[in-house]
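Following: one structure in structure tokens, then a few remarks.
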2 protein chains.
Amino acid sequence: MARKTGMNVEFRIWFFKNDEKLLGKGRVELLERIGKSGSIASAAKEMKMSYRQAWQMVNEMNERSGGKLVEKQLGGKDGGGTVVTARGNEAIKCFGELEKKTRIFLDKEFKKLKI
Amino acid sequence: MARKTGMNVEFRIWFFKNDEKLLGKGRVELLERIGKSGSIASAAKEMKMSYRQAWQMVNEMNERSGGKLVEKQLGGKDGGGTVVTARGNEAIKCFGELEKKTRIFLDKEFKKLKI
DNA sequence: TATCGATATGTATTGCAATGCATATTAAAG
DNA sequence: CTTTAATATGCATTGCAATACATATCGATA
């Protein structure tokens, strides 16, 4: 077999809590964009997903994590918004770090394969 | 944050060739079942997927891998079937090994996270 | 050359998740 | 109070991928 010409490995990781999906790449990106933009609505628009879906994801994350990752801020002259909690930012950071380590690990291991 | 009570990490890996998906967990299982049962049709039935989908997966794998992973065997008193090539078995083995190593790596790294 | 069961492929149907749209609710700020 | 824009939620629609079904093709064997 031609040794891995043009071959590479890709991956996804997910954090689970009580056997329910808590966080994946998409949800982490959503959290990050909520953090920067200040609302679920604008984060959803940036990611070209429906507000409804974004809201549901956020809601699931909050329900499942055992402590809110984001917090709504209703009211105010600009109608309110949503902020990412300290716990949410921790989660983002942990996920990103593990992704990075995994990328390095897999590239290294993939090179060893006789394929 | 309560330190990872009930938390764990899950993952999936894929082998790509020229930026096209070549192999994932499902396709590897399909290959394995083709190997044991001797036909795409019975492998598909075992996995409760449509024959059409199974055939398409096999076809894509063969087209993309740059060397067949399975080979059809038409004719014969039992109408023929499909066998997994040496290259196909190599691929199955490599994928399984990398999955196993990744499982170990991720469990270890996940424990280190302050989450 | 008739038989066999699997491969190969077109077309119609279905199932379900994502989207779109409408609207009620919220609470701080002016 | 009124205004504001975002959250929260019901319901109809849509889009797409998987399924279902029908059928043509293949080639070793008997």
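Per chain, numbering begins at 1; letters A, B, ... match sequence-line order.
Residue Thr82(B) places none of its side-chain N or O atoms closer than 4.0 Å to OP1 or OP2 of dA6(C). The side chain of Trp55(B) places an N or O atom within less than 4.0 Å of a non-bridging phosphate oxygen (OP1 or OP2) of dA8(C). The side chain of Gln73(B) contributes no N or O atom lying less than 4.0 Å from OP1 or OP2 of dA6(C). Proximity of Tyr51(A) to the phosphate of dT7(D): a side-chain N or O atom is located under 4.0 Å from OP1 or OP2.
Ser42(B) comes within 4.0 angstrom of no nucleic acid atom, judged by non-hydrogen atoms across all strands.
Atoms CD (Gln53(A)) and P (dT9(D)) sit 17 Å apart, rounded to a whole Å. Taking atom CG of Leu30(A) as the reference point, atom C1' of dT7(D) lies 14 Å away to the nearest angstrom. In this structure, Ile34(B) places its CD1 atom 13 Å from P of dA6(C), rounding to the nearest Å. Counting to the nearest Å, the P atom of dG10(D) and the CD atom of Gln56(A) are 10 Å from each other. The nearest whole Å value for the distance from the CD atom in Glu60(B) to the P atom in dA18(D) is 10 Å. When the P atom of dT7(D) is taken as reference, atom CG of Asp78(A) falls 11 Å away, rounded to whole Å. Following rounding to the nearest Å, Met57(B) (CE) and dA17(D) (P) show an atom-to-atom distance of 13 Å. We find that NZ of Lys45(A) is positioned 12 Å from P of dT7(D), with the value rounded to whole Å.
Take the nearest nucleotide of DNA chain C for Gly38(B) and for Lys48(A): the residue whose nucleotide is more 5' is Gly38(B).
Scanning for side chain to side chain contact (heavy atoms under 4.5 Å, CB included) contacts around Asp107(B) gives Val9(B), Arg103(B), with sequence neighbours left out.
Looking at Asn62(B), its side chain never comes within 3.5 Å of a backbone N or O of Lys68(B) through a donor-acceptor pair.
With values rounded to the nearest 0.5 angstrom, Asn18(A) atom CG is found 8.5 Å from Thr5(B) atom OG1.
Remark: Glu10(A) does not engage Lys21(B) in a salt bridge, criterion side-chain N to carboxylate O under 4.0 Å. Taking the charged nitrogens against the carboxylate oxygens, Lys100(B) and Glu97(B) have no contact shorter than 4.0 Å, which rules out a salt bridge.
The six-membered or imidazole ring of Phe11(A) lies away from that of Phe11(B), with a centre-to-centre distance of 6.0 Å or more.
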What side-chain donor-acceptor pairs closer than 3.5 Å can you find for residues 27-34 of chain A, not counting sequence neighbours?
unit_1: Arg27(A); atom_1: NH1; unit_2: Glu60(A); atom_2: OE1; d: 3.0
unit_1: Arg27(A); atom_1: NH2; unit_2: Glu60(A); atom_2: OE1; d: 3.2
unit_1: Glu29(A); atom_1: OE2; unit_2: Arg33(A); atom_2: NE; d: 2.9
unit_1: Glu29(A); atom_1: OE2; unit_2: Arg33(A); atom_2: NH2; d: 3.0
unit_1: Arg33(A); atom_1: NH1; unit_2: Glu46(A); atom_2: OE1; d: 2.9

Handout entry: Protein-to-nucleotide contact annotation, 5' to 3' order, nucleotides 20-30 of chain D [B base; S sugar-phosphate only; - none; under 4.0 Å, heavy atom]
Key = B-----BBBSS
